[in-house]
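The structure under discussion appears below in the form of structure tokens.
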Amino acid sequence: MTKGVVIVFGGDGFCGWPTSLHLSRAGYEVVIVDNLSRRSIEAELGAESLTPVRSMTERLAAWHELTGRKIVFRQLDVATDFDGIRELLSTHKPVACVHFAEQRAAPYSMKSARHRIYTVNNNLNATNCIMAAIVEVDPAIHCVHLGTMGVYGYGAMGAIIPEGYFNVRLPQEGGGYVDREVLYPADPGSIYHMTKTQDALLFQFYAKNDRLRITDLHQGIVWGTQTPETELDERLINRFDYDGDYGTVLNRFLMQAAVGFPLTVNGTGGQTRAFIHIRDTVNCIRRAIESPPKAGDKVRILNQMTETHRIRDLAKFVQSMTGSEIVNVVNPRTELEENDLQVANSQFRALGVASTTLEVGLLEEVRDIAQRYRHRCDFSKIPCVSYWSRERQQKALAQMSKLVAE
Ligand code: NAD
Ligand code: USQ
């Protein structure tokens with residue numbers, strides 16, 4: 001029996017594709033909506049996924065052939081085609097939608113003025129169009145959004161970051177105090193992360209004014225590639241970005257180890273970040289769909305992460321498994337190079353998601369993905385050449401010339 005329709009906005013992407021398959025296998029009727037902009041950006045950057053990602057037509061045909069299940073695909077730009085979203089919601093009457101449809105790479109968002117503008121326009125309009133369409137068609141549709149741990153910033157505070165909200169005490173005129181619960185202060189470190197902090201305000205408004213049911217998953221860096229569904233056949237394989245813009249740190253280190261490129265630690269590598277495996281991501285999203293907030297509730301915010309690590313420790317860990325070299329490169333980003341990170345995630349844990357730890361999952365990832373597809377790596381796409389400022393660019397170029405001269 002069907003569990004109802006779920007629309008997956010951004011269902012062609014790294015998180016969206018395995019989530020769509022997972023939901024389809026779990027008994028939902030899945031509709032993928034994507035404008036395939038990630039594929040166009042791949043062409044713009046000349047940097048393909050390490051894994052051979054098939055066309056959407058081939059992906060869906062393979063899924064149908066292997067499981068007998070059908071997934072519907074609609075190519076549509078959710079940042080501009082409001083009428084298209086409204087028509088989709090009216091036709092398919094989903095119980096929930098999952099919103100992945102944003103430009104998600106911090107370095108890409110910092111490449112140039114044009115990339116900053118594109119990222120802001122795309123991400124904020126996408127979220128607003130989806131919210132506005134839900135209001136018009138059916139405010140009961142639950143929206144699960146993929147946000148980021150980066151909305152909190154990475155200051156070295158020695159305090160525990162709560163799940164979304166925290167309590168403040170404000171002084172009153174004439175003495176006394178009033179207690180309020182507010183969104184945890186936003187402190188974005190890139191234009192991309194800034195769009196996620198603005199999303200949070202849109203969600204707060206729509207939950208309050210229109211009583212929309214919204215779950216915002218503040219997710220850490222996703223690593224790994226495959227899930228039980230994408231592993232069924234090579235035609236279903238998930239993407240694995242390794243280039244300087246879209247490759248995230250742990251997947252980059254795994255690929256670098258596999259091809260014999262030194263592990264590129266930005267600065268001292270004292271940056272601490274939160275991580276989650278893609279298998280846990282898809283499980284968590286299904287469970288979030290299955291336990292929606294009520295109409296009138298505040299936005300439900302979960303810190304979707306399973307472990308935290310310092311970047312230099314990750315590099316050493318990968319080195320211990322592979323014997324790779326480590327190189328400290330000039331950090332292209334403006335960020336604290338030493339920070340701690342303590343995160344509350346009891347609501348996320350309450351969803352009961354089993355976690356794949358680095359110790360268990362890493363070796364499998366090196367063996368099964370990075371090694372298998374190393375021949376597809378383009379070495380020229382490995383360095384990160386998007387800089388947070390001109391000063392950083394100059395320092396990086398000076399380091400590069402020195403290395404070449406040596
Ligand atoms: P991705 O780039 O692989 O996938 C995003 C998908 O959305 C792409 O297929 C793209 O074509 C589509 N898209 C973008 N703009 C669109 C638009 N206007 N209309 C229709 N489709 C559009 O990214 P991902 O890694 O799968 O990330 C998905 C979401 O999860 C993002 O919102 C990201 O911020 C969040 N997230 C990702 C990570 C991570 O490590 N990958 C971590 C935390 C949060
Ligand atoms: N880093 C290196 N070497 C590299 C690449 C990155 O040292 O080769 C460092 C960066 O300087 C940074 C850290 O690793 O300190 C993380 O960088 P990243 O590219 O892995 O992750 P980030 O830019 O934060 O973005 C990714 C996703 C984004 C998501 C975010 C979750 O691309 O969509 O929102 O992770 S979080 O980091 O929790 O905000």
Side-chain angles (χ1 to χ4, degrees), residues 8-19 32-42 49 53 56 74-81 84-85 98-110 118-119 121-123 125-127 129-130 145-154 188-190 192-193 195-196 199 217-223 238-239 241-242 244-253 256 263-276 278 281 303-305 308 310-312 314-315 327-329 331-333 335-337 339 341 343 382-384 388:
V8 182
F9 296 109
D12 187 43
F14 169 61
C15 298
W17 174 244
T19 300
I32 290 180
V33 177
D34 202 297
N35 64 351
L36 306 184
S37 55
R38 182 66 192 90
R39 293 181 189 245
S40 318
I41 292 174
E42 204 174 60
S49 158
V53 174
M56 184 50 94
R74 274 287 301 280
Q75 188 168 344
L76 183 154
D77 185 341
V78 296
T80 55
D81 193 352
I85 305 173
V98 190
H99 173 22
F100 295 105
E102 298 186 73
Q103 191 301 97
R104 70 98 177 134
Y108 184 83
S109 77
M110 300 298 287
Y118 164 72
T119 302
N121 286 343
N122 186 64
N123 293 4
N125 286 325
T127 299
C129 284
I130 292 170
H145 171 253
L146 272 292
T148 175
M149 285 297 301
V151 296
Y152 304 117
Y154 294 106
S190 73
Y192 153 71
H193 287 98
T195 65
K196 294 287 184 181
D199 278 346
L217 301 171
H218 286 182
Q219 185 168 243
I221 300 168
V222 184
W223 67 281
N238 198 14
R239 56 180 311 114
D241 294 309
Y242 68 91
D245 281 301
Y246 274 86
T248 51
V249 63
L250 188 46
N251 279 6
R252 270 168 70 73
F253 286 173
Q256 290 166 346
L263 313 183
T264 53
V265 170
N266 289 347
T268 64
Q271 308 92 316
T272 309
R273 294 293 182 271
F275 292 86
I276 181 167
I278 185 73
T281 290
N303 289 340
Q304 184 162 304
M305 48 71 69
T308 61
R310 253 179 227 288
I311 302 303
R312 61 171 168 259
L314 282 182
V327 63
N328 290 86
V329 298
N331 195 344
R333 309 181 184 209
E335 62 184 0
L336 275 185
E337 291 195 357
N339 71 290
L341 184 62
V343 182
I382 296 178
C384 179
W388 266 233

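Quick note: numbers below take in every heavy atom, side chains included, and nothing from hydrogens, waters or symmetry partners. Atoms within a ligand are numbered from 1 in the order they appear, just like the ligands themselves.
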Query - R252 side-chain N/O to L263 backbone N/O, donor-acceptor pair under 3.5 Å - result: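 Not at all, since once roles are kept as given, no pair shorter than 3.5 Å links the two residues.
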**Report entry** Under 3.5 Å: donor-acceptor pair, side chain of N122, backbone of E102
**Finding:**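 Pair absent, no side-chain N/O of N122 close to backbone of E102.
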Query - Test item: side-chain donor near acceptor, Q256 and T264, under 3.5 Å - result: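 Yes, a side-chain donor-acceptor pair sits under 3.5 Å.
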**Report entry** Distance (rounded to the nearest 0.5 Å) between C15 SG and R239 CZ
**Finding:**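 Reported to 0.5 Å precision, the distance equals 11.0 Å.
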Report task. Output the set of protein residues with a heavy-atom contact under 4.0 Å to ligand 1, ordered first by chain identifier and then by residue number. Result ->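 Around ligand 1, where the cutoff is 4.0 Å for heavy atoms, the contacting residues are G10, D12, G13, F14, C15, D34, N35, L36, S37, R38, L76, D77, V78, A79, F100, A101, E102, R104, N122, L146, G147, Y192, K196, Q219, G220, I221, V222, R239.
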Query raised in the report: So which of N121, N123, T119 actually passes side-chain hydrogen bond (donor to acceptor under 3.5 Å, both in side chains) with T195?
Result: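 Of N121, N123, T119, side-chain hydrogen bond (donor to acceptor under 3.5 Å, both in side chains) with T195 is met by N123 alone.
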Query - Passing option when Q219 is tested against N303, T281, T148 for side-chain hydrogen bond (donor to acceptor under 3.5 Å, both in side chains) - result: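 Testing Q219 for a side-chain hydrogen bond (donor to acceptor under 3.5 Å, both in side chains) against N303, T281, T148 leaves exactly one candidate, T281.
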Query raised in the report: Between D81 and R74, is there a side-chain N and carboxylate O pair less than 4.0 Å apart?
Result: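 Salt bridge: no.
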Query raised in the report: Of all residues at least two apart in sequence or in a different chain, which pass the ring-ring contact (aromatic ring centres under 6.0 Å, His included) check with F9?
Result: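 Applying ring-ring contact (aromatic ring centres under 6.0 Å, His included) to F9 gives none.
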**Report entry** Partner set under ring-ring contact (aromatic ring centres under 6.0 Å, His included) for H145, not counting sequence neighbours
**Finding:**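 Checked H145 against ring-ring contact (aromatic ring centres under 6.0 Å, His included); matches are H99, F203.
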Please tabulate, line by line, the atom pairs linking an N/O of ligand 2 to a protein N/O at a distance below 3.5 Å, with the distance in Å to 0.1, or answer 'none'.
| unit_1 | atom_1 | unit_2 | atom_2 | d |
| --- | --- | --- | --- | --- |
| ligand 2 | 1 (N) | N266 | ND2 | 3.4 |
| ligand 2 | 3 (N) | T264 | O | 2.6 |
| ligand 2 | 7 (O) | N266 | N | 2.8 |
| ligand 2 | 8 (O) | R252 | NE | 2.8 |
| ligand 2 | 8 (O) | R252 | NH2 | 3.3 |
| ligand 2 | 8 (O) | T264 | O | 3.2 |
| ligand 2 | 8 (O) | T264 | OG1 | 2.9 |
| ligand 2 | 11 (O) | N266 | ND2 | 2.8 |
| ligand 2 | 11 (O) | E335 | OE2 | 2.7 |
| ligand 2 | 15 (O) | R273 | NH2 | 3.4 |
| ligand 2 | 15 (O) | E335 | OE1 | 3.0 |
| ligand 2 | 15 (O) | E335 | OE2 | 3.0 |
| ligand 2 | 19 (O) | R333 | NH2 | 2.9 |
| ligand 2 | 20 (O) | V249 | N | 2.7 |
| ligand 2 | 23 (O) | R333 | NH1 | 2.8 |
| ligand 2 | 23 (O) | R333 | NH2 | 3.4 |
| ligand 2 | 32 (O) | R104 | O | 3.3 |
| ligand 2 | 32 (O) | R104 | NH1 | 2.9 |
| ligand 2 | 33 (O) | R104 | O | 2.8 |
| ligand 2 | 33 (O) | Y192 | OH | 3.1 |
| ligand 2 | 34 (O) | T148 | OG1 | 2.8 |
| ligand 2 | 34 (O) | Y192 | OH | 2.6 |
| ligand 2 | 37 (O) | Y154 | OH | 3.3 |
| ligand 2 | 38 (O) | Y154 | OH | 2.9 |
| ligand 2 | 39 (O) | T148 | OG1 | 2.6 |
| ligand 2 | 39 (O) | G150 | N | 2.9 |
| ligand 2 | 39 (O) | Y154 | OH | 3.0 |
| ligand 2 | 39 (O) | H193 | NE2 | 3.2 |

